[in-house]
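As structure tokens, the structure follows; a few thoughts come after it.
Because the structure is predicted, anything quoted here is derived from the model rather than measured. A, B, ... follow the sequence lines: proteins, then strands. Residue 1 opens every chain.
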2 protein chains.
Amino acid sequence: MLPPGRGGKQRDVAAHGMYRRRDTRRGWLIAEIAAELRRYGADAQHVGHAFAGRHGLNATDLQALIAVMDAELVGAPITPGRLGEQLNLSSGSVTALIDRLERAGHIRRDRDTSDRRKVLLRYADRGAALAMDFFRPLGERTDQVTAGFRDEELEVVYRFVSAMGASLREHRDALRDEPARRRTD
Amino acid sequence: MLPPGRGGKQRDVAAHGMYRRRDTRRGWLIAEIAAELRRYGADAQHVGHAFAGRHGLNATDLQALIAVMDAELVGAPITPGRLGEQLNLSSGSVTALIDRLERAGHIRRDRDTSDRRKVLLRYADRGAALAMDFFRPLGERTDQVTAGFRDEELEVVYRFVSAMGASLREHRDALRDEPARRRTD
DNA sequence: ATGGGATCTCTAGACGTTCGAGAGTTTCGC
DNA sequence: GCGAAACTCTCGAACGTCTAGAGATCCCAT
């Protein structure tokens with residue numbers, strides 16, 4: 001039952017750095033918010049996995065489809081290279097991925113007319129319908145939740161998630177730029 | 001440049017259901033919050049992927065290690081079966097996963113003394129050190145962000161993320177319980 | 001007590017995704 | 001025009017995952 005090391009202090013989880021001291025209301029809040037964000041990400045993955053499975057794709061395929069729509073809807077279609085960056089995939093895997101999605105009728109390949117090395121990915125009707133099925137119930141749930149918050153409260157939430165997101169991206173970039181550090185392996 | 005089909009309505013993204021109408025401040029806020037949460041999850045995956053890669057594991061291994069510590073730190077060590085549920089893995093994959101982590105010295109297998117069918121997963125020192133290296137910088141960043149919020153504001157944020165998390169889990173469970181629905185394939 | 005069903009972990013083979021290196025085009029700078 | 005750089009695609013190998021089933025152990029009804 002007891003964690004190994006530091007015998008005895010069973011709930012001194014702060015010593016492990018994973019959790020924060022919860023002995024003040026504020027500390028407890030911060031710990032719970034961080035934990036909830038972590039769980040939210042995990043559950044979102046589960047939802048994506050389950051939904052993708054129902055429709056004959058895997059989680060990566062669904063992520064890719066969303067990224068393709070995301071990019072195209074803001075007027076800047078994505079290329080295979082950048083899709084690979086977003087999904088942490090090598091170029092070979094991206095080709096296979098696009099082949100699958102194209103074969104299934106979810107997206108199309110278009111040559112860029114100005115730079116003919118590039119391929120632009122565009123969603124097909126089938127892919128649009130699938131993404132809509134995925135996002136609609138989530139949007140409805142978001143509506144239900146946000147209905148319980150006043151405008152000023154949503155401003156606070158927005159400020160918070162923006163700051164957390166920016167900080168996490170900083171961390172991600174820092175990890176990328178410091179690639180060679182070895183541990184005590 | 002134009003999305004295919006439905007010629008002309010280039011920016012009518014609301015028609016796709018992915019995004020919400022942004023013509024009011026409140027609508028814009030909600031859309032941005034939802035988008036930021038989505039990006040946060042994706043970026044968290046990237047961070048995990050990058051960190052795991054540096055230490056000779058894959059993203060699944062790191063998730064598993066975190067889940068094992070998470071469970072043990074609250075005094076209820078996890079079993080291979082439940083770990084598979086949390087990570088969306090089959091029993092066979094879980095065995096391979098545990099073998100990898102045990103071989104690398106990150107976790108240990110213990111037989112449950114009261115129910116000897118079960119195996120309890122416990123982290124080893126090596127795994128604890130790794131998890132600490134992963135979480136410490138994230139905790140520091142969380143501290144920096146939360147420093148810019150008053151207690152009442154954190155209460156609002158907590159209420160929001162709790163509600164969003166609960167709603168998402170409801171959706172996940174609904175997906176699970178309605179497994180057979182087929183689309184117009 | 002004892003037998004049957006349920007629960008849990010593990011094994012084995014096949015499948016599919018991913019990776020890594022390299023080839024083939026097209027573009028841009030000199 | 002020529003060489004370097006950017007981008008996508010091909011191919012074979014490696015790895016993680018899945019499915020099906022075997023082997024233990026526990027629980028409960030008889």
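For L101(A) and dT17(C), the CG to P distance is 11 Å, given to the nearest whole Å. If you take CZ of R116(A) and P of dC9(D), they are 15 Å apart, rounded to a whole angstrom. Taking atom CG of L89(B) as the reference point, atom C1' of dT17(C) lies 14 Å away to the nearest angstrom. Atom CZ of R111(B) and atom P of dC26(D) are 9 Å apart (whole Å). For the pair N88(A) CG and dG16(D) P, the interatomic distance rounds to 16 Å; values are reported in whole Å. Across the protein-nucleic acid pair, L83(B) atom CG and dG16(D) atom P stand 15 Å apart, rounded to whole Å. What separates CG of D61(A) from P of dT18(C) is a distance of 7 Å, to the nearest Å. The NZ atom of K118(A) sits 15 Å away from the C1' atom of dT25(C) (whole-angstrom rounding).
In this structure, D99(A) and H49(A) both approach DNA chain D, and ranking their closest nucleotides by distance from the 5' end singles out D99(A). Both N58(A) and T113(A) lie close to DNA chain C; mapped to their nearest nucleotides by heavy-atom distance, the more 5′-ward contact belongs to N58(A).
Note on T79(B): a side-chain N or O is less than 4.0 Å away from OP1 or OP2 of dT9(C). Neither OP1 nor OP2 of dT8(D) sits under 4.0 Å from any side-chain N or O of T95(A). Remark: R100(B) is in phosphate contact with dG16(D), judged by side-chain N or O atoms under 4.0 Å from OP1 or OP2. Between S90(B) and dC18(D) there is a side-chain N or O to OP1 or OP2 distance below 4.0 Å. Residue S91(B) places no side-chain N or O under 4.0 Å from the OP1 or OP2 atom of dC8(C).
At most 12 heavy atoms of other shown residues, nucleotides or ligands fall within 6.0 angstrom of atom CZ in R82(B).
Between R141(A) and D143(A) no salt bridge is recorded (no basic side-chain N to carboxylate O distance below 4.0 Å). Ion pair E36(B)/R169(A) flagged as a salt bridge, since at least one NZ, NE, NH1 or NH2 atom sits closer than 4.0 Å to an Asp/Glu carboxylate oxygen. Looking at R109(B) and E102(B), a side-chain N of the basic residue comes within less than 4.0 Å of a carboxylate O on the acidic one, giving a salt bridge.
As judged by a 4.0 angstrom heavy-atom cut-off over every strand, G92(B) is placed among the base-contacting residues. Contact annotation for R109(A): backbone-only contact, meaning every heavy-atom pair under 4.0 Å involves sugar-phosphate atoms and none involves a base.
Side-chain proximity of D115(A) to dT27(C), dT8(D), dT17(D): nearest is dT27(C).
Looking at R117(B), its side chain has no donor and acceptor atom pair within 3.5 Å of the base of dT9(C).
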I would like to know whether D61(A) and L65(A) meet side-chain contact (heavy atoms from CB on, under 4.5 Å); could you show each step before the answer?
CA-CA 6 Å; D61(A) 295 356; L65(A) 181 58; over 6 Å; no
